[in-house]
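Below you'll find the structure, written out as structure tokens, and then a few comments.
The basis for the numbers below is simple: all heavy atoms, side chains too, and nothing from hydrogens, waters or symmetry mates.
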Amino acid sequence: MASMYGNKLKISIFGQSHSPAIGVTIDGLPAGLPVDMDALNRFLVRRAPGQNALSTPRREADAPEFLCGLYEGVTCGAPLTAIIHNTNTRSKDYANLADCPRPGHADYPASVKWNGYQDPTGGGHFSGRLTAPLCIAGGIALQFLSQRGICVGAHVAQIEHVHDTPFDGVNINADLLQEIREKAFPVVDDGIAPSMEAAILAAKGEADSVGGIVECAVLGVPAGVGDPMFDGLESRLAAMLFAVPAVKGVEFGAGFGCATMRGSACNDPYVVQDGTIRTTSNNNGGILGGIANGMPILVRTVFKPTSSIGIEQDSVSLSRMEPQKLTVHGRHDPCIVLRAVPVVEAAVALALLDAIL
């Protein structure tokens with residue numbers, strides 16, 4: 001199993017949901033960046049579990065412990081490794097999943113791939129718990145990008161059938177992204193938050209779950225960043241975003257909506273504003289041919305409903321090769337989309353930093 005990403009910046013995620021610790025090693029960070037630990041911890045808190053009735057009741061401090069890569073709080077050029085100790089596990093809740101896989105989860109294909117030796121407790125290495133070390137790396141990447149005038153921010157664009165106001169792909173500004181970042185419910189339109197919350201709580205009350213969409217914007221990426229084909233910005237961003245558990249779709253700009261447009265509507269006309277070339281629309285999401293065109297980068301990520309639900313489902317016994325009913329126990333999010341907002345920001349920041357380096 002190799003959970004690694006990157007060309008110039010290499011990220012390796014390690015650990016399991018119920019192992020003593022989870023962590024990340026980052027190789028390729030430039031030396032000389034002071035890491036603002038307070039800012040990093042504020043970022044990590046945004047995805048931490050157990051904060052309210054909308055997330056899992058599993059409570060973890062998620063305080064990173066840095067083992068190497070920093071000297072007096074500044075990156076020193078050596079590989080950086082940080083861990084987070086798991087302190088609130090209940091492995092007995094998962095005792096039956098080694099033989100009876102959860103529908104919608106990686107339990108079965110992982111069992112096949114590793115001949116039954118995979119760790120099923122808490123989802124093992126496939127758990128959303130592994131997004132915590134991803135956010136350590138992403139939080140540091142965000143600080144690197146900020147020094148270069150690049151701002152990354154996201155919001156909950158959709159929960160089940162409830163939609164937030166989408167980002168304006170032409171006129172979005174950093175102040176709005178910062179405002180959303182500080183909200184308990186990260187949406188553009190605060191008036192929609194109660195309806196989203198009600199959708200989550202309704203599913204939770206029925207022992208079920210819901211999915212949704214996170215929309216992310218990146219400001220300040222200069223035209224010319226990126227490469228064609230396999231190392232294009234869309235390819236890099238999509239690869240990182242699809243590594244996040246429960247992601248089932250990624251689109252840029254108008255995305256799948258482009259299929260209903262004609263070229264005359266989908267093309268983004270060029271203009272000159274204050275000596276800078278811009279476009280009057282942003283259907284292509286700030287990327288053309290894998291290369292940034294100077295407009296805001298817009299990407300939307302689709303998250304499926306949490307697979308671990310309390311409703312009885314049809315599964316099979318792997319040892320007996322016969323049908324078996326499954327009721328999942330343990331502590332699970334009725335919707336992971338809220339906690340996924342900073343995870344999307346982290347993934348996008350890491351992919352961009354790798355491209356820029």
Side-chain angles (χ1 to χ4, degrees), residues 16-18 47-60 86 88-112 118-132 156-163 185 193-214 241-249 301-320 322-341 343-344:
Q16 298 108 256
S17 180
H18 288 193
R47 71 143 301 281
Q51 298 189 60
N52 52 51
L54 303 177
S55 68
T56 171
R58 176 179 176 178
R59 297 188 65 86
E60 295 280 4
N86 288 325
N88 187 9
T89 61
R90 291 196 333 210
S91 298
K92 66 179 186 300
D93 291 338
Y94 299 84
N96 63 328
L97 299 182
D99 185 62
C100 188
R102 285 168 287 185
H105 203 280
D107 294 337
Y108 170 65
S111 176
V112 173
Q118 81 288 352
D119 178 3
T121 57
H125 193 67
F126 298 92
S127 170
R129 183 87 186 110
L130 274 297
T131 60
V156 177
Q158 184 177 340
I159 298 289
E160 200 173 30
H161 303 298
V162 186
H163 297 259
F185 207 109
S195 296
M196 288 186 170
E197 183 173 342
I200 296 171
L201 292 176
K204 179 181 180 181
E206 298 171 9
D208 214 333
S209 62
V210 290
I213 298 174
V214 173
L241 287 166
F242 273 118
V244 177
V247 168
K248 283 298 179 183
T301 305
V302 179
F303 288 85
K304 68 177 182 177
T306 313
S307 56
S308 296
I309 58 176
I311 295 175
E312 185 178 75
Q313 301 176 85
D314 291 325
S315 185
V316 295
S317 165
L318 298 179
S319 61
R320 300 190 306 272
E322 63 184 30
Q324 182 170 318
K325 296 292 185 180
L326 173 67
T327 300
V328 178
H329 302 287
R331 299 163 295 176
H332 307 283
D333 292 87
C335 178
I336 65 170
V337 179
L338 280 176
R339 294 175 57 210
V341 171
V343 179
V344 167

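- Between Ile309 and Thr306, the shortest heavy-atom contact is CG2-O, 3.5 Å.
- Taking the side-chain hydrogen bond (donor to acceptor under 3.5 Å, both in side chains) definition, one finds that Gln324 meets it with Arg320, sequence neighbours left out.
- Ser317 and Ser319 share a side-chain donor-acceptor pair at under 3.5 Å.
- Other residues, nucleotides and ligands contribute more than 12 heavy atoms inside 6.0 Å of the CZ atom of Phe185.
- In this structure Gln16 satisfies the side-chain hydrogen bond (donor to acceptor under 3.5 Å, both in side chains) test together with Asp119, sequence neighbours excluded.
- No side-chain heavy atom of Asp208 sits under 4.5 Å from any side-chain heavy atom of Val210.
- Between atom CG of residue Asn86 and atom OG of residue Ser17 there is a gap of 6.5 Å, rounded to the nearest 0.5 Å.
- The two atoms that bring Ile336 and Ala246 nearest to each other are CD1-CB, 3.4 Å, heavy atoms only.
- Ala157 meets the side-chain contact (heavy atoms from CB on, under 4.5 Å) test with His155, Ile213, Glu215; sequence neighbours excluded.
- The side-chain contact (heavy atoms from CB on, under 4.5 Å) check on Lys248 picks up Lys304, with sequence neighbours excluded.
- Shortest non-hydrogen contact noted between Gln118 and Ala110 is OE1-O, 3.9 Å.
- In this structure the side chain of Leu326 reaches within 4.5 angstrom of the side chain of Leu97, judged on heavy atoms.
- For the pair Val328 and Arg102, the tightest heavy-atom approach, listed with the atom from each and the gap, is CG2-CG, 3.7 Å.
- Within the 3.5 Å criterion, the main-chain N or O of Glu160 finds a donor-acceptor partner in the side chain of Gln158.
- With contacts defined as side-chain heavy-atom distances shorter than 4.5 Å, the pair Thr131/Val244 qualifies.
- Between Val316 and Glu322, every side-chain heavy-atom pair lies at or beyond the 4.5 Å cut-off.
- For Ser307, the side-chain contact (heavy atoms from CB on, under 4.5 Å) partners at least two apart in sequence or on another chain are His105.
- Closest approach of Val337 to Gly212, counting heavy atoms only: CG2-N, 3.5 Å.
- In this structure, Ala199 and Ile159 approach most closely via the heavy-atom pair CB-CG2, 4.2 Å.
- The backbone N or O of Cys100 lies less than 3.5 Å from no partner atom in the side chain of Ser315, so there is not a single donor-acceptor pair.
- When side chains are defined from C-beta on, Val343 does not count as touching Arg339, because their heavy atoms never get closer than 4.5 Å.
- With contacts defined as side-chain heavy-atom distances shorter than 4.5 Å, the pair Leu318/Pro101 qualifies.
- Under the side-chain contact (heavy atoms from CB on, under 4.5 Å) criterion, Ala106 pairs with Phe126, not counting sequence neighbours.
- How far CE of Met196 is from NE2 of His163: 8.5 Å, rounded to the nearest 0.5 Å.
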